[in-house]
J.: 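Take this structure, written in structure tokens, and hold onto it; I'll ask about it next.
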Amino acid sequence: AYPPTKSDMTNVTAPTWESFDGHFVGGEMSVLKFWPGAPAPPKNLSREGRLVPELVKQFAQTQLCNFADTEIHFRLDGVPCAFPSAEHFYQALVWPEHVADFVSDGPLGKVTRESLRFAYGYEEVEKHFAYWSRRNMIGGLAKLHANRLERTYPKREISEQEAFRLREATLRAKVRQNPLVHEALIRTDKMFLVSFDPTAGSRRPKPARWGALVRDGRIVGHNHNGGMMMHIRATMRDIMDGPLTHPDFVTVLRGKSGS
């Protein structure tokens with residue numbers, strides 16, 4: 001049922017930094033894969049602010065993904081601002097000197113030919129526009145731009161643990177600020193969540209970091225994104241009860257996250 005009750009909370013996950021590579025998910029275990037390429041849910045997916053039950057899984061398959069267009073609100077220099085996806089906000093934390101590139105009213109706020117030129121760094125983007133305009137994955141623009149920044153500028157050195165902290169702070173803000181995402185996450189209940197990465201099987205001997213795939217009943221890849229979402233599911237069931245606040249960007253960047 002939704003809203004959840006405390007008796008529903010029986011799924012305690014491993015710490016978010018623990019790898020799921022090789023984890024067995026066969027047998028009767030139910031797996032839900034979320035990824036940018038999943039079929040987009042229909043527009044009439046909610047009634048009176050709640051998800052239509054038969055559409056929960058389809059909604060979760062796209063909207064739990066970092067690339068989905070689920071806006072996150074923060075304060076930047078005391079001014080309210082928004083990021084169009086979790087990936088935009090995460091990359092802004094990794095590249096804070098370029099934060100203006102990632103906000104909703106910045107050059108990557110919508111999928112346009114101009115934003116694709118900015119993300120790719122070259123003019124001829126018509127074939128890319130046809131691809132991107134059909135998909136609910138605006139966060140991919142942020143990832144593309146971050147890749148270009150990494151080729152152009154020295155990247156800020158952050159430890160693996162710091163990357164986990166920033167990613168989890170991002171996902172917690174996404175879930176807290178988007179009620180339908182929170183509902184979809186809670187309704188996945190005890191399902192094992194996989195941040196699907198179709199290339200995970202070709203990255204051996206080094207496993208994929210954030211995503212994974214399922215092969216012969218086992219996880220291939222660390223699946224840290226999936227692990228974080230399961231951990232958030234286990235710890236944020238009642239989070240919608242309190243007042244909504246928009247954390248300060250610099251506070252999160254420096255290590256004091258808020259919800």
Side-chain angles (χ1 to χ4, degrees), residues 33-43 61-77 79-158 163 166-167 170-171 173-174 177-178 181 195-203 206 208-211 213 221 224-225 249-250 252-253:
K33 298 185 295 183
F34 58 92
W35 78 104
K43 295 186 181 299
Q61 285 176 329
T62 56
Q63 300 307 107
L64 296 186
C65 178
N66 289 1
F67 287 4
D69 57 346
T70 48
E71 202 165 55
I72 297 178
H73 294 262
F74 273 75
R75 298 189 310 277
L76 185 61
D77 296 328
V79 178
C81 69
F83 298 84
S85 75
E87 190 67 22
H88 281 74
F89 182 66
Y90 175 75
Q91 295 300 342
L93 291 169
V94 174
W95 296 94
E97 65 275 24
H98 296 275
V99 62
D101 293 351
F102 297 100
V103 295
S104 292
D105 59 358
L108 302 170
K110 295 180 180 179
V111 176
T112 64
R113 291 173 178 83
E114 289 71 27
S115 65
L116 287 169
R117 291 188 184 102
F118 188 82
Y120 278 103
Y122 52 79
E123 287 296 314
E124 186 48 57
V125 295
E126 201 60 37
K127 63 178 181 180
H128 299 304
F129 181 72
Y131 172 83
W132 284 86
S133 60
R134 296 194 302 267
R135 284 163 172 77
N136 174 31
M137 49 189 289
I138 191 170
L141 295 179
K143 180 61 175 175
L144 283 171
H145 183 53
N147 290 344
R148 187 163 75 89
L149 289 175
E150 192 166 356
R151 294 191 299 268
T152 309
Y153 301 100
K155 187 176 182 180
R156 183 169 73 94
E157 291 295 328
I158 58 175
L166 296 177
R167 183 66 66 114
T170 298
L171 296 180
K174 169 180 174 170
Q177 295 182 23
N178 292 276
V181 173
S195 180
F196 179 59
D197 178 356
T199 70
S202 62
R203 297 191 183 186
K206 185 178 181 180
R209 183 184 192 185
W210 298 112
L213 53 78
H224 288 311
N225 268 348
F249 179 86
V250 175
V252 175
L253 181 65

J.: Taking the six-membered ring for Trp, are His73 and Phe83 ring centroids under 6.0 Å apart?
T.: no

J.: Under 3.5 Å, is there a donor-acceptor pair between the side chain of Ser115 and the main chain of Lys110?
T.: yes

J.: Identify whether NZ of Lys or CZ of Arg in Arg113 sits under 6.0 Å from the centre of the six-membered ring of Phe118 and within 45° of that ring's axis.
T.: no

J.: Quick one: does any side-chain atom of Asp69 pair with a main-chain N or O of Met137 as donor and acceptor, under 3.5 Å?
T.: no

J.: Measure centre to centre between the rings of Phe89 and Phe74, then say whether the value is under 6.0 Å.
T.: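 Between Phe74 and Phe89, which both carry aromatic rings, the centre distance is below 6.0 Å.
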
J.: So that I can tick it off, tell me whether Arg117 and Glu123 are bridged by a salt bridge, with the cut-off set at under 4.0 angstrom between side-chain N and carboxylate O.
T.: yes

J.: How about Tyr153 and His98: are their ring centres within less than 6.0 Å of each other?
T.: yes

J.: Work out which heavy atom in Thr170 is nearest to a heavy atom in Ala86; give both atom names and the distance.
T.: CG2-O, 3.2 Å

J.: With side chains defined as the heavy atoms from C-beta onward, is the minimum distance between Ser104 and Glu71 less than 4.5 Å?
T.: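 They are in contact (side-chain heavy atoms under 4.5 Å apart), so the answer is yes.
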
J.: In terms of the angle between their ring planes, are Tyr122 and His128 parallel, tilted or perpendicular, with boundaries placed at 30° and 60°?
T.: tilted

J.: For residues Lys174 and Cys65, report the shortest heavy-atom separation together with the two atoms involved.
T.: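 Closest heavy-atom pair between Lys174 and Cys65: NZ-O, 2.6 Å.
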
J.: Quick check: does any side chain N or O of Arg156 sit under 3.5 Å from a backbone N or O of Leu93, one acting as donor and the other as acceptor?
T.: yes

J.: Is the shortest side-chain heavy-atom distance between His145 and Phe102 below 4.5 Å?
T.: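 Contact flag for His145/Phe102 side chains = yes.
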
J.: Among Asn225, Asn66, Asp197, exactly one meets side chain to side chain contact (heavy atoms under 4.5 Å, CB included) together with Trp210. Which residue is that?
T.: Asn225

J.: Would you call Ile138 and Phe67 a side-chain contact if the rule is heavy atoms closer than 4.5 Å?
T.: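 No, their side chains stay 4.5 Å or more apart.
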
J.: Of all heavy-atom pairs between Tyr120 and Arg151, which one has the smallest distance, and what is that distance?
T.: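 Closest pair (atom of Tyr120, atom of Arg151, distance): O-NH2, 4.4 Å.
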
J.: Is there side-chain contact between Trp95 and Lys155, with at least one heavy-atom pair below 4.5 Å?
T.: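 The answer is yes, as the side chains (C-beta and beyond) meet within the 4.5 Å cut-off.
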
J.: Using side-chain contact (heavy atoms from CB on, under 4.5 Å), reason through Gln91 and Lys143 one step at a time and then give a plain yes or no.
T.: CA-CA 7 Å; Gln91 295 300 342; Lys143 180 61 175 175; 3.9 Å; yes

J.: Check whether any side-chain heavy atom of Arg209 sits under 4.5 Å from a side-chain heavy atom of His224, and report yes or no.
T.: yes

J.: For a quick test of reading the model, state the closest non-hydrogen atom pair linking Ala68 to Thr62 and the distance between them.
T.: CB-O, 3.4 Å

J.: Tell me the closest heavy-atom pair linking Phe129 and Leu116, and the distance in Å.
T.: CA-CD1, 3.4 Å

J.: Can you list the steps and then say if Trp132 with Leu144 is a side-chain contact (heavy atoms from CB on, under 4.5 Å)?
T.: CA-CA 12 Å; Trp132 284 86; Leu144 283 171; 3.4 Å; yes

J.: When you compare the side chain of Trp35 with that of Ser195, does any pair of heavy atoms fall below 4.5 Å?
T.: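 A side-chain contact is absent here, since even the closest heavy-atom pair is not under 4.5 Å.
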
